[in-house]
Amino acid sequence: MIATPDRTPLTREFFDRPVLEVAPDLLGRVLVHTTPDGPIELRLTEVEAYDGENDPGSHAYRGRTPRNGVMFGPPGHVYVYFTYGMWHCMNLVCGPEDQASAVLLRAGEVIVGAEHTRRRRLSARNDKELAKGPARLATALGVDRALDGADACAGPDNPFALLTGTPVAPDQVRSGPRTGVAGDGGVHPWRYWIANDPTVSPYRAHAPRRRT
DNA sequence: GTTACGATTTACT
DNA sequence: GTAAATCGTAACA
(Lines give C-alpha, C1' and ligand atoms only; values in the text may rest on other atoms or scores of the structure.)
Protein backbone atom coordinates (compact mmCIF):
# COMPACT_ATOMS: atom_id res chain seq x y z
CA MET A 1 0.00 0.00 0.00
CA ILE A 2 1.46 3.29 -1.13
CA ALA A 3 0.74 6.38 0.91
CA THR A 4 -0.91 9.37 -0.75
CA PRO A 5 1.86 11.38 -2.42
CA ASP A 6 2.78 14.66 -0.72
CA ARG A 7 1.87 17.46 -3.12
CA THR A 8 4.09 20.09 -1.54
CA PRO A 9 6.40 21.59 -4.22
CA LEU A 10 10.09 20.81 -3.89
CA THR A 11 11.98 23.93 -2.82
CA ARG A 12 14.96 25.71 -4.33
CA GLU A 13 16.95 24.47 -1.32
CA PHE A 14 16.17 20.90 -2.28
CA PHE A 15 18.06 21.37 -5.55
CA ASP A 16 20.78 23.56 -4.04
CA ARG A 17 22.80 20.55 -2.86
CA PRO A 18 25.52 18.40 -4.46
CA VAL A 19 24.09 16.62 -7.49
CA LEU A 20 25.07 13.18 -6.19
CA GLU A 21 22.89 13.88 -3.17
CA VAL A 22 19.94 15.24 -5.11
CA ALA A 23 19.81 12.56 -7.85
CA PRO A 24 18.84 9.53 -5.72
CA ASP A 25 16.57 11.78 -3.65
CA LEU A 26 14.50 12.51 -6.78
CA LEU A 27 13.33 8.89 -7.09
CA GLY A 28 9.65 8.60 -6.22
CA ARG A 29 9.05 12.33 -6.60
CA VAL A 30 6.16 13.54 -8.72
CA LEU A 31 6.60 15.69 -11.80
CA VAL A 32 3.63 17.75 -12.97
CA HIS A 33 3.40 19.15 -16.48
CA THR A 34 0.31 21.07 -17.47
CA THR A 35 -0.25 20.73 -21.22
CA PRO A 36 -3.01 22.15 -23.46
CA ASP A 37 -4.63 18.70 -23.22
CA GLY A 38 -4.55 18.72 -19.42
CA PRO A 39 -2.20 17.86 -16.57
CA ILE A 40 0.23 14.96 -16.77
CA GLU A 41 1.86 13.55 -13.65
CA LEU A 42 4.83 11.23 -13.57
CA ARG A 43 6.51 9.38 -10.70
CA LEU A 44 10.27 9.40 -11.29
CA THR A 45 11.85 5.92 -11.30
CA GLU A 46 15.25 6.47 -12.97
CA VAL A 47 17.69 9.41 -13.13
CA GLU A 48 21.32 10.16 -13.96
CA ALA A 49 23.69 12.72 -12.39
CA TYR A 50 25.98 14.98 -14.45
CA ASP A 51 28.58 16.68 -12.31
CA GLY A 52 29.40 20.02 -13.88
CA GLU A 53 32.49 21.15 -15.75
CA ASN A 54 34.77 18.42 -14.36
CA ASP A 55 32.59 15.58 -15.67
CA PRO A 56 33.68 14.39 -19.14
CA GLY A 57 30.20 12.99 -19.73
CA SER A 58 28.46 16.30 -19.09
CA HIS A 59 27.33 18.86 -21.66
CA ALA A 60 28.98 21.41 -19.36
CA TYR A 61 32.43 19.79 -19.70
CA ARG A 62 33.59 22.22 -22.40
CA GLY A 63 32.17 25.27 -20.69
CA ARG A 64 29.14 27.43 -21.25
CA THR A 65 27.53 27.52 -24.71
CA PRO A 66 24.19 28.82 -26.02
CA ARG A 67 22.73 25.34 -25.66
CA ASN A 68 23.75 24.54 -22.09
CA GLY A 69 23.47 28.02 -20.55
CA VAL A 70 20.68 27.00 -18.20
CA MET A 71 23.00 24.48 -16.53
CA PHE A 72 25.13 27.39 -15.33
CA GLY A 73 22.15 29.19 -13.83
CA PRO A 74 20.34 28.78 -10.51
CA PRO A 75 19.22 25.35 -9.27
CA GLY A 76 15.68 24.11 -9.63
CA HIS A 77 15.32 25.04 -13.29
CA VAL A 78 14.78 22.78 -16.30
CA TYR A 79 17.49 22.13 -18.89
CA VAL A 80 16.12 20.67 -22.13
CA TYR A 81 18.33 19.63 -25.04
CA PHE A 82 17.68 18.29 -28.54
CA THR A 83 19.67 15.29 -29.76
CA TYR A 84 20.03 12.81 -32.64
CA GLY A 85 18.04 15.22 -34.79
CA MET A 86 14.84 13.82 -33.30
CA TRP A 87 14.61 13.73 -29.56
CA HIS A 88 14.44 15.96 -26.54
CA CYS A 89 15.71 15.08 -23.07
CA MET A 90 15.09 16.97 -19.84
CA ASN A 91 17.20 17.68 -16.77
CA LEU A 92 16.89 19.47 -13.45
CA VAL A 93 19.70 21.87 -12.60
CA CYS A 94 21.28 21.34 -9.18
CA GLY A 95 23.21 23.81 -7.09
CA PRO A 96 25.18 25.59 -6.08
CA GLU A 97 24.86 28.12 -8.89
CA ASP A 98 27.63 28.17 -11.53
CA GLN A 99 28.48 24.54 -10.75
CA ALA A 100 26.59 23.50 -13.91
CA SER A 101 25.49 20.14 -12.55
CA ALA A 102 22.17 18.56 -13.48
CA VAL A 103 20.08 15.40 -13.21
CA LEU A 104 18.80 13.74 -16.40
CA LEU A 105 15.25 12.40 -15.96
CA ARG A 106 15.52 8.98 -17.55
CA ALA A 107 12.25 7.20 -16.78
CA GLY A 108 9.02 7.37 -14.84
CA GLU A 109 5.58 5.94 -14.25
CA VAL A 110 2.70 7.99 -15.67
CA ILE A 111 0.17 8.31 -12.84
CA VAL A 112 -2.12 11.04 -14.24
CA GLY A 113 -3.01 11.90 -17.84
CA ALA A 114 -1.84 8.67 -19.49
CA GLU A 115 -4.47 9.20 -22.22
CA HIS A 116 -2.63 12.36 -23.30
CA THR A 117 0.76 10.69 -23.38
CA ARG A 118 -0.43 7.70 -25.44
CA ARG A 119 -1.21 9.91 -28.42
CA ARG A 120 2.43 11.03 -28.51
CA ARG A 121 3.83 7.57 -27.82
CA LEU A 122 2.12 5.40 -30.44
CA SER A 123 5.02 2.93 -30.53
CA ALA A 124 4.59 2.12 -26.83
CA ARG A 125 3.29 -1.43 -26.53
CA ASN A 126 2.01 -0.88 -23.00
CA ASP A 127 1.80 1.88 -20.41
CA LYS A 128 5.07 0.86 -18.77
CA GLU A 129 6.86 2.00 -21.95
CA LEU A 130 5.27 5.45 -22.08
CA ALA A 131 8.22 7.09 -20.28
CA LYS A 132 10.81 4.25 -20.24
CA GLY A 133 13.86 6.18 -21.46
CA PRO A 134 14.82 9.87 -21.40
CA ALA A 135 13.58 10.79 -24.88
CA ARG A 136 10.42 8.76 -24.37
CA LEU A 137 9.83 10.61 -21.11
CA ALA A 138 10.15 14.01 -22.76
CA THR A 139 8.00 12.90 -25.70
CA ALA A 140 5.29 11.56 -23.41
CA LEU A 141 5.16 14.90 -21.62
CA GLY A 142 5.28 16.94 -24.83
CA VAL A 143 8.44 18.70 -23.65
CA ASP A 144 10.73 20.55 -26.05
CA ARG A 145 13.19 23.46 -25.96
CA ALA A 146 10.32 25.83 -25.20
CA LEU A 147 10.51 24.55 -21.61
CA ASP A 148 14.27 25.16 -21.35
CA GLY A 149 14.91 27.35 -18.31
CA ALA A 150 11.48 26.84 -16.73
CA ASP A 151 11.30 27.02 -12.94
CA ALA A 152 10.48 23.66 -11.37
CA CYS A 153 9.97 25.15 -7.89
CA ALA A 154 7.18 27.60 -8.62
CA GLY A 155 4.38 25.25 -7.59
CA PRO A 156 1.73 23.03 -9.23
CA ASP A 157 -0.24 25.94 -10.69
CA ASN A 158 2.67 26.59 -13.07
CA PRO A 159 3.21 24.74 -16.37
CA PHE A 160 5.88 22.64 -14.73
CA ALA A 161 6.57 21.62 -11.14
CA LEU A 162 8.12 18.96 -8.97
CA LEU A 163 6.24 17.77 -5.92
CA THR A 164 7.47 15.98 -2.82
CA GLY A 165 5.65 12.78 -3.75
CA THR A 166 6.61 9.65 -1.82
CA PRO A 167 10.40 9.35 -1.75
CA VAL A 168 11.59 5.76 -1.93
CA ALA A 169 13.31 4.05 0.98
CA PRO A 170 17.10 4.18 0.67
CA ASP A 171 17.34 0.39 0.49
CA GLN A 172 15.23 0.46 -2.68
CA VAL A 173 17.69 2.69 -4.55
CA ARG A 174 20.07 1.00 -6.99
CA SER A 175 22.97 2.61 -8.87
CA GLY A 176 25.24 1.72 -11.78
CA PRO A 177 27.12 3.18 -14.76
CA ARG A 178 25.43 5.83 -16.83
CA THR A 179 23.74 4.75 -20.07
CA GLY A 180 25.13 5.69 -23.47
CA VAL A 181 27.88 7.93 -22.09
CA ALA A 182 31.15 7.87 -24.05
CA GLY A 183 34.71 7.45 -22.82
CA ASP A 184 35.72 8.39 -19.31
CA GLY A 185 32.25 9.76 -18.67
CA GLY A 186 30.94 6.21 -18.42
CA VAL A 187 33.04 5.11 -15.46
CA HIS A 188 31.00 6.60 -12.62
CA PRO A 189 28.00 4.75 -11.13
CA TRP A 190 25.85 7.85 -11.33
CA ARG A 191 22.69 6.28 -12.71
CA TYR A 192 20.07 5.69 -10.03
CA TRP A 193 16.84 3.72 -10.22
CA ILE A 194 14.15 2.10 -8.09
CA ALA A 195 14.79 -1.62 -7.55
CA ASN A 196 12.58 -3.94 -9.64
CA ASP A 197 10.49 -1.11 -11.06
CA PRO A 198 9.03 -2.15 -14.44
CA THR A 199 9.28 1.37 -15.92
CA VAL A 200 13.10 1.58 -15.60
CA SER A 201 14.92 1.53 -18.95
CA PRO A 202 17.52 -1.15 -19.84
CA TYR A 203 21.23 -0.34 -19.60
CA ARG A 204 23.05 0.25 -22.87
CA ALA A 205 26.75 0.94 -23.32
CA HIS A 206 27.84 3.83 -25.52
CA ALA A 207 27.58 2.86 -29.21
CA PRO A 208 30.15 4.67 -31.37
CA ARG A 209 28.69 5.76 -34.65
CA ARG A 210 29.93 4.13 -37.84
CA ARG A 211 31.62 6.20 -40.52
CA THR A 212 29.74 6.89 -43.74
C1' DG B 1 32.04 26.98 -44.72
C1' DT B 2 32.59 22.03 -43.49
C1' DT B 3 32.46 18.08 -40.65
C1' DA B 4 31.60 14.74 -37.14
C1' DC B 5 28.73 13.25 -33.71
C1' DG B 6 25.29 12.86 -30.13
C1' DA B 7 23.09 11.76 -22.08
C1' DT B 8 18.30 7.71 -28.33
C1' DT B 9 14.61 5.14 -30.35
C1' DT B 10 12.67 2.33 -33.72
C1' DA B 11 12.34 -1.00 -37.28
C1' DC B 12 14.14 -4.76 -39.28
C1' DT B 13 17.14 -9.36 -40.04
C1' DG C 1 21.41 -8.94 -32.76
C1' DT C 2 22.35 -4.55 -36.28
C1' DA C 3 21.41 -0.26 -38.70
C1' DA C 4 18.78 3.73 -40.07
C1' DA C 5 16.63 7.96 -38.96
C1' DT C 6 17.74 13.07 -38.81
C1' DC C 7 19.57 17.89 -37.58
C1' DG C 8 21.35 21.13 -34.01
C1' DT C 9 25.61 22.02 -32.04
C1' DA C 10 30.35 22.82 -31.53
C1' DA C 11 34.92 22.20 -33.20
C1' DC C 12 37.89 23.00 -36.83
C1' DA C 13 39.63 24.98 -41.32
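Given the structure is predicted, the values throughout are model-derived calculations rather than measurements. Proteins get letters first, then strands, A, B, ... in listed order; numbering begins at 1 in each.
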Practice task
Would you mind reading off the distance between A:Phe82 atom CZ and B:dA7 atom P, rounded to a whole angstrom?
Solution key: 13 Å
Practice task
Before accepting this row, confirm whether a basic side-chain N of the pair A:Glu48/A:Arg178 lies closer than 4.0 Å to the acidic partner's carboxylate O.
Solution key: no
Exercise for the section: Could you tell me whether A:Arg118 and A:Asp127 have a side-chain N and a carboxylate O separated by less than 4.0 Å? Expected result: yes
Handout entry: Over 12 foreign heavy atoms within 6.0 Å of CG, A:Asn196
Key = no
Completion exercise
With sugar-phosphate taken as primed atoms, P, OP1 and OP2 and all else as base, the protein-contact string of nucleotides 8-13 of chain B at under 4.0 Å (heavy atoms; B, S, -) is BBS---
Handout entry: Heavy-atom side-chain proximity of A:Phe15 to A:Leu162 below 4.5 angstrom
Key = yes
Problem - Spacing between A:His88 atom NE2 and B:dA7 atom P, to the nearest angstrom - result: 15 Å
Exercise for the section: Take A:Ser123 and A:Arg121 through the test side-chain hydrogen bond (donor to acceptor under 3.5 Å, both in side chains) and record every step on the way to the result. Expected result: CA-CA 6 Å; A:Ser123 65; A:Arg121 292 279 304 117; 3.3 Å; yes
Handout entry: Nearest-nucleotide 5' precedence on DNA chain C, A:Arg62 against A:Gly85
Key = A:Gly85
Problem - Taking every non-hydrogen atom, the tightest pair across A:Gly95 and A:Asp16 - result: CA-OD1, 3.5 Å
Exercise for the section: Evaluate whether atom CG of A:Asn54 has more than 12 neighbouring non-hydrogen atoms of other residues, nucleotides or ligands under 6.0 angstrom away. Expected result: no
Handout entry: Sub-4.0 Å heavy-atom contacts from residues 65-74 of chain A onto DNA chain C, ordered by number
Key = A:Thr65, A:Pro66, A:Arg67
Exercise for the section: Count the heavy atoms of every other residue, nucleotide or ligand shown that sit under 6.0 Å from CZ of A:Arg145, and state whether that count exceeds 12. Expected result: yes
Exercise for the section: Classify the nucleic acid contact of A:His59 as base, sugar-phosphate or nothing, counting any heavy atom under 4.0 Å across all strands shown. Expected result: base
Exercise for the section: Starting from C1' on B:dG6, measure out to OH on A:Tyr61 and report it in whole angstrom. Expected result: 17 Å
Practice task
Report the distance from atom OH of A:Tyr79 to atom C1' of B:dG6, rounded to the nearest whole Å.
Solution key: 11 Å
Problem - Connected via hydrophobic side-chain network under 4.5 Å: A:Leu26 and A:Ile40 - result: yes
Practice task
Could you tell me whether A:Asp184 atom CG has more than 12 heavy atoms of other residues or ligands within 6.0 Å of it?
Solution key: no
Handout entry: For DNA chain B, the dot-bracket pattern of Watson-Crick and G-U pairs whose distances stay under 3.5 Å, | for other-strand partners
Key = ||||||.|||||.
Practice task
Can you label the angle between the A:Phe82 ring and the A:His88 ring as parallel, tilted or perpendicular, going by 30° and 60°?
Solution key: tilted
